[in-house]
Amino acid sequence: MTDDQAFLADCRARLAFDLLANTWNCVVLWALKDEPARPGALRVRIGGISQKVLTETLRRLESNGLVARRAYGGSPPRVEYGLTPLGRTLLTPIDALGTWAFAHGDEVAAAQERSTRTPQRP
C-alpha cells in the first residue's frame, strides 16, 4: 500500500480514505457514473440530499479533480457535472464497497442493534 508509516497525515492512502469517507462524495460520484447531469437531476437521482450539501459536495469533488463542471450559455444558463478520467478511477473501489455492504449489511445492522440494546460499560 505505502512505504510510509501507516496513515501519516501526508500518506497517499489516507488521502484516498478521506475522499471515500464522506458519504456524499461516493454517492455523487456513483450518480454520475453513466452520464453528466445537472444539479437538479442529481438531486432527484440521489434523493435525500439538500441543495446546499449537493453544491458543497460538487465543489469538493471538483477541487479534487474528480468532477468537471461545464457551463452552457443560453437563456436560462445551465450547468452540468460529469466525472473526470480521475473520478472514473474511483468507481471500482466504490463498487467494491457497495458489494461488501450488500453482502454484510445485515451483519453490521445486527451488531449495531445489539450494541444499542446492551448497557454501555462505565
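The residues of the chain are indexed from 1 along the displayed sequence.
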A.B. asks: When you look at Y72 and V79, which way does the side-chain contact (heavy atoms from CB on, under 4.5 Å) test go after all the steps?
C.D. replies: CA-CA 6 Å; Y72 296 91; V79 174; over 6 Å; no

A.B. asks: Can you get from L97 to L32 by hopping between Ile, Leu, Val, Met, Phe, Trp and Tyr side chains that sit under 4.5 Å apart?
C.D. replies: yes

A.B. asks: Kindly work out whether a path of hydrophobic side-chain contacts (I/L/V/M/F/W/Y, heavy atoms less than 4.5 Å apart) joins V28 to L86.
C.D. replies: yes

A.B. asks: Could I get the full list of salt bridge (Lys or Arg N to Asp or Glu O under 4.0 Å) partners for R78, not counting sequence neighbours?
C.D. replies: E80

A.B. asks: Under the salt bridge (Lys or Arg N to Asp or Glu O under 4.0 Å) test, which residues partner E107, sequence neighbours left out?
C.D. replies: none

A.B. asks: Taking N64 for the side chain and R60 for the main chain, is one N or O donor matched with an acceptor at less than 3.5 Å?
C.D. replies: yes

A.B. asks: Please test L42 against L58 for side-chain contact (heavy atoms from CB on, under 4.5 Å), starting from the C-alpha separation and ending with a verdict.
C.D. replies: CA-CA 10 Å; L42 278 174; L58 288 166; 4.1 Å; yes

A.B. asks: Could you tell me whether a side-chain N or O of T57 sits under 3.5 Å from a main-chain N or O of V53, the two making a donor and an acceptor?
C.D. replies: yes

A.B. asks: Just verifying a value: how many Å separate L19 CG and R14 CZ, rounded to the nearest 0.5 Å?
C.D. replies: 12.5 Å

A.B. asks: Could you go through the side-chain contact (heavy atoms from CB on, under 4.5 Å) check for V27 and W30 one step at a time?
C.D. replies: CA-CA 5 Å; V27 172; W30 195 256; 5.9 Å; no

A.B. asks: Decide yes or no for P39 and Q51: does some side-chain heavy atom of the first lie under 4.5 Å from some side-chain heavy atom of the second?
C.D. replies: yes

A.B. asks: With side chains defined as the heavy atoms from C-beta onward, is the minimum distance between W100 and V108 less than 4.5 Å?
C.D. replies: yes

A.B. asks: Could you walk me through whether L66 and L29 pass the side-chain contact (heavy atoms from CB on, under 4.5 Å) check?
C.D. replies: CA-CA 8 Å; L66 304 174; L29 290 170; 4.1 Å; yes

A.B. asks: Return the CG to CD distance between D106 and E113, rounded to the nearest 0.5 Å.
C.D. replies: 11.0 Å

A.B. asks: Is a donor on one side and an acceptor on the other found under 3.5 Å between the side chain of N25 and the backbone of L20?
C.D. replies: no

A.B. asks: Using salt bridge (Lys or Arg N to Asp or Glu O under 4.0 Å) as the criterion, list what pairs up with R88, not counting sequence neighbours.
C.D. replies: none

A.B. asks: Measuring from atom SG of C26 to atom CG of L61, what distance do you get when rounded to the nearest 0.5 angstrom?
C.D. replies: 9.0 Å

A.B. asks: With a sphere of 6.0 Å drawn around CZ of F102, does it hold more than 12 non-hydrogen atoms of other residues, nucleotides or ligands?
C.D. replies: no

A.B. asks: Nearest 0.5 Å please: distance from the CD1 atom of I49 over to the CD1 atom of I46.
C.D. replies: 4.5 Å

A.B. asks: Between R69 and Y81, is there a donor-acceptor pair closer than 3.5 Å when you use the side chain of the first and the backbone of the second?
C.D. replies: no

A.B. asks: Any luck finding a side-chain donor-acceptor pair between Q112 and T116 under 3.5 Å?
C.D. replies: no

A.B. asks: For L90 and P93, which heavy atoms make the closest approach, and how far apart are they?
C.D. replies: O-CD, 3.1 Å

